[in-house]
Amino acid sequence: MTSNISESLNAVTRDAKELPIVKLLEYMRTLLERWTNEKLLKAKGTFTYLGKKYNKELEDNMTLSQKLRVRALTDHIHTVIDGVKRYIVCLQNKRCSCGQFQLDELPCAHALAALWHMNESYENYCSPYYTRESLLHTYEIPVDPLPDESKWNVPQHIFEEVVIPPTGKRQPGRPQK
C-alpha cells in the first residue's frame, strides 16, 4: 500500500531516479524547498482565519447550513432538521451524528446551523491545524541547502565503507526482506 504523498513523489521524481544518489538527494531537496516556499507564499497570501482550502470548505458548509432548522435541547445539544432528516449536534464535544464534524475537525453544515442559532462564532470549533497561523508556522522552517560535496566532513570509517548496490537477487544464506 502507498500513500498519496509517496505516489506524488514517485510521479514527480520518475526521471530523477536514474541520477547518482547525491544528485538525486539534491534534486529532492530543491523540490521540497520549492514546495515549501510555494506553500509559505500561499499561506502569507491568506487573510482569513483558516487557510484557503479549509475556509472554502467552511463557506460551502455555511451555504448548506442556511436551509436548516435548529431546535436547542440544551446549551450544547441541538437537533438540526434538514428536510425529513434529523441530526444531533453536540457543540461541547464537537460532534455531529453525520460524522463529518468529528472526522474533519471543522464544523459541518449542521454544526454551523447550531452555532448560528446560539449566536456563536465557528473559530473555537475548528482544528487549530487549519488556521492561517498554523500554516505559517508549518512552512516557516526552510529546507537548508547542502554545502558543496568537497566541504563535507565525512568520518573516516564512513568514508572507507564499501556499499554494494542491490542486485535484486537473493544472496545465499540470507533471508529475503
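Owing to the predicted nature of the structure, the values given are computational and were not obtained by experimental measurement.
- Note: L68 CG to Q66 CD = 9.5 Å, rounded to the nearest 0.5 Å.
- Listed for the D104 side chain is no donor-acceptor partner under 3.5 Å among the backbone atoms of L106.
- For the pair P107 and L58, the minimum side-chain heavy-atom distance is below 4.5 Å.
- The neighbour count for K17 NZ, taken as heavy atoms of other residues, nucleotides or ligands under 6.0 Å away, is above 12.
- T13 contributes no side-chain N or O that, together with a main-chain N or O of A16, makes up a donor-acceptor pair within less than 3.5 Å.
- Here the closest non-hydrogen pair linking L135 and G51 is CD1-CA, 3.6 Å.
- Of the inter-residue distances, the one linking E105 atom CD with S127 atom OG reads 4.5 Å to the nearest 0.5 angstrom.
- To the nearest 0.5 Å, the span separating OH on Y87 from SG on C108 amounts to 9.0 Å.
- In this structure, L136 is not a member of the same hydrophobic cluster as I141, with clusters built from ILVMFWY side-chain heavy atoms closer than 4.5 Å.
- Remark: the N55 side chain and the E59 side chain contain an N/O donor-acceptor pair separated by less than 3.5 Å.
- The 12-atom threshold is exceeded at CD1 of I158, counting heavy atoms of other residues, nucleotides or ligands nearer than 6.0 Å.
- Between the K67 side chain and the G83 main chain, no donor and acceptor come within less than 3.5 Å of each other.
- Checked by atom type and distance alone, the side chain of T46 never pairs as donor or acceptor with a backbone atom of T48 at under 3.5 Å.
- Residues M118 and V89 share a single hydrophobic cluster, defined by chaining ILVMFWY side chains whose heavy atoms lie under 4.5 Å apart.
- Annotation: the span from H137 atom NE2 to T131 atom OG1 amounts to 8.0 Å, rounded to 0.5 Å.
- Aromatic ring orientation, Y125 versus F101: tilted (interplanar angle from 30° to 60°).
- Between E7 atom CD and N10 atom CG the span is 8.0 Å, to the nearest 0.5 Å.
- Across all their heavy atoms, C98 and H110 have their closest contact at SG-ND1, 3.5 Å.
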Verdict with reasoning, R29 to E26, per salt bridge (charged side-chain N to carboxylate O under 4.0 Å, His left out): CA-CA 5 Å; R29 190 202 61 77; E26 180 60 13; 2.9 Å; yes

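- Remark: the backbone N or O of C96 is paired with a side-chain donor or acceptor of Q102 at under 3.5 angstrom.
- Under the 4.5 Å side-chain contact rule for hydrophobic residues, L64 and I81 do not share a cluster.
- In terms of heavy atoms, K56 sits closest to D60 at NZ-OD1, 2.8 Å.
- No continuous path of hydrophobic side-chain contacts links L73 to W116 [ILVMFWY only; heavy atoms under 4.5 Å].
- Side-chain contact between Y122 and N61 is absent, with no heavy atoms from C-beta onward closer than 4.5 Å.
- Electrostatic pairing of R34 and E38 counts as a salt bridge here, judged by a charged N lying under 4.0 Å from a carboxylate O.
- S97 and R86 get closest at one heavy-atom pair: OG-O, 4.3 Å.
- Within 6.0 Å of the CZ atom in R71, the count of heavy atoms belonging to other residues, nucleotides or ligands does not exceed 12.
- A salt bridge is absent between E57 and K53; no separation between the charged side-chain nitrogens and carboxylate oxygens falls under 4.0 Å.
- Under the 30°/60° scheme for interplanar angles, the aromatic rings of Y130 and Y54 are found to lie parallel.
- V70 places none of its side-chain heavy atoms less than 4.5 Å from the side chain of T79.
- A distance of 15.0 Å separates CG of L50 from OH of Y129, quoted to the nearest 0.5 Å.
- Hydrophobic cluster membership is shared by Y27 and V22, with clusters built from Ile, Leu, Val, Met, Phe, Trp and Tyr side chains linked at under 4.5 angstrom.
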